[in-house]
Amino acid sequence: MKVILKKDVIGLGYKDEVLTVKDGYGRNYLLPQGLAVLATEKAVKQLNEELKQRAHKIAKIKADAEAQAKKFEGASLTIKAKVSEGKNIYGSVGAKEIAAALAAQGLEIDSKLITVKAAKALGNYEATAHFHREVSVVIPFEVVNENGEVPAKEEKAPKAEPKAEPAEEPAPAETPAEEPVAETPAE
């Protein structure tokens, strides 16, 4: 099913894109939610005409997105989480936690515009903030213990390699020794 997106759908596409989606997804989710319309020939012509007329508006929207993205460049986050005995945290750190940490720094962004692979252990990660189809910023963040402590990395002792013993050479095959023949005196 071909559809024209009416709003940005993270993971699918951006506003005014013509996409092919599965029939059930389009019919049961995108169309009823008002996120897309069917891409009929008439609708595609109308979209192209609108895009021609809005070209200068689109350039302004992109410039605004770039200006907003510059505010986020260089941002680095430290997120505190409850930790089990090891490095694993309870739950995970996702887009909502990152948006809240950015808001604490005075950088407001909707959590729906952030994509991140959920962080389930202490360590360093990266999230991506999408401002426009062509403008996104990578935001590094670190997940630390709720006390602010980063546990020391456990150094594993190198495995002791078994000492190579010299291969024993097989003993030379014994040849049956000739038994001395006892000479009997001639009679």
Side-chain angles (χ1 to χ4, degrees), residues 1-40 42-82 89-144 146 148 150:
M1 164 183 286
K2 282 194 156 199
V3 295
I4 301 171
L5 292 179
K6 290 296 176 189
K7 295 181 182 177
D8 292 350
V9 180
I10 299 295
L12 180 62
Y14 297 96
K15 182 178 178 181
D16 297 331
E17 270 189 281
V18 179
L19 301 172
T20 302
V21 297
K22 292 187 176 182
D23 290 344
Y25 182 57
R27 187 174 46 250
N28 296 325
Y29 179 70
L30 294 174
L31 297 176
Q33 295 291 326
L35 299 174
V37 294
L38 285 175
T40 60
K42 181 180 175 183
V44 172
K45 276 186 180 179
Q46 186 177 1
L47 173 67
N48 289 334
E49 188 61 34
E50 280 181 34
L51 290 176
K52 286 179 188 176
Q53 292 176 2
R54 294 191 294 166
H56 69 283
K57 287 182 183 177
I58 291 172
K60 183 183 181 321
I61 291 170
K62 183 178 177 185
D64 291 345
E66 288 173 346
Q68 188 177 9
K70 285 188 182 200
K71 294 177 189 175
F72 286 80
E73 287 179 359
S76 180
L77 303 174
T78 301
I79 300 175
K80 296 180 181 181
K82 289 185 179 183
I89 64 175
Y90 294 111
S92 64
V93 175
K96 289 182 182 179
E97 290 81 7
I98 293 168
L102 287 168
Q105 291 185 0
L107 301 170
E108 295 291 329
I109 186 169
D110 187 8
S111 64
K112 293 178 184 175
L113 299 177
I114 298 173
T115 56
V116 62
K117 187 174 180 181
K120 297 185 179 198
L122 297 180
N124 294 316
Y125 299 92
E126 290 183 345
T128 305
H130 303 276
F131 298 100
H132 184 267
R133 70 178 70 187
E134 298 170 5
V135 180
S136 61
V137 175
V138 174
I139 302 169
F141 67 97
E142 180 179 19
V143 180
V144 297
E146 66 184 343
V150 179

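- Not a single donor-acceptor pair under 3.5 Å links the side chain of Q105 to the backbone N or O of L102.
- Using a distance-only test at 3.5 Å, with no hydrogens or angles considered, a donor-acceptor pair links the side chain of H132 to the main chain of E134.
- By the side chain to side chain contact (heavy atoms under 4.5 Å, CB included) test, T78 pairs with E142, V144, sequence neighbours left out.
- When all heavy atoms are compared, the tightest approach of S92 to K120 is CB-CG, 3.8 Å.
- Between the side chain of R133 and the backbone N or O of K15, at least one donor-acceptor pair lies under 3.5 Å.
- D16 has a carboxylate O that lies under 4.0 Å from a charged side-chain N of R54, or vice versa, which qualifies the two as a salt bridge.
- Two residues are said to be in side-chain contact when any heavy atoms from C-beta on lie closer than 4.5 Å; L35 and Y29 meet this criterion.
- Taking every heavy atom of both residues into account, L19 and G13 meet most closely at CD1-CA, 4.2 Å.
- Of all the heavy atoms in V3 and A36, the pair that sits closest is CB-CB, 4.0 Å.
- The line from CG of L38 to CD1 of I4 is 9.0 Å long, rounded to the nearest 0.5 Å.
- Within the 4.5 Å cutoff, side-chain heavy atoms of V37 are placed close to those of K6.
- Distance CZ/F72 to CD1/I139: 6.0 Å, rounded to 0.5 Å.
- Rounding to the nearest 0.5 angstrom, the gap separating the CG atom in L77 from the CG atom in L107 is 8.5 Å.
- Contact detail for P140 and A75: the closest heavy-atom pair is CD-O, 3.4 Å.
- Here ring pair (Phe, Tyr, Trp, His ring centres under 6.0 Å) pairs that include residues 43-62, with residues two or more places apart or in two chains, number zero.
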*Let me see the working for V44 and N48 under side-chain contact (heavy atoms from CB on, under 4.5 Å), right down to the final yes or no.*
CA-CA 6 Å; V44 172; N48 289 334; 3.9 Å; yes
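- Taking NZ of K22 as the start and CG of L30 as the end, the distance is 13.0 Å to the nearest 0.5 Å.
- Checking side-chain atoms of E17 against main-chain N and O of Y14 turns up a donor-acceptor pair under 3.5 Å.
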*Go through the steps for V18 and L47 under the test side-chain contact (heavy atoms from CB on, under 4.5 Å), then give the verdict.*
CA-CA 9 Å; V18 179; L47 173 67; 3.9 Å; yes
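- Summarising the geometry of M1 relative to G26, their closest heavy-atom pair is SD-CA, 3.8 Å, with the distance given to 0.1 Å.
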*asked:* Working note: I114 + I10, criterion side-chain contact (heavy atoms from CB on, under 4.5 Å); need CA distance, chi angles, decisive distance, verdict.
replied: CA-CA 9 Å; I114 298 173; I10 299 295; over 6 Å; no
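- In this structure the side chain of F131 never reaches within 4.5 angstrom of the side chain of D64, judged on heavy atoms.
- Nearest approach of A81 to I89, heavy atoms of both residues: CB-CG2, 4.0 Å.
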_Full working for side-chain contact (heavy atoms from CB on, under 4.5 Å) between T128 and V116_ = CA-CA 6 Å; T128 305; V116 62; over 6 Å; no
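- Residues F141 and V143 form a side-chain contact, since some pair of their non-hydrogen atoms from C-beta on lies under 4.5 Å apart.
- More than 12 heavy atoms of other residues, nucleotides or ligands lie within 6.0 Å of CD in Q33, so this atom counts as buried by the packing criterion.
- In this structure, the separation between CG on L122 and NZ on K80 is 13.0 Å, given to the nearest 0.5 Å.
- Under the 4.5 Å side-chain criterion, counting only non-hydrogen atoms from C-beta, E66 is in contact with K62.
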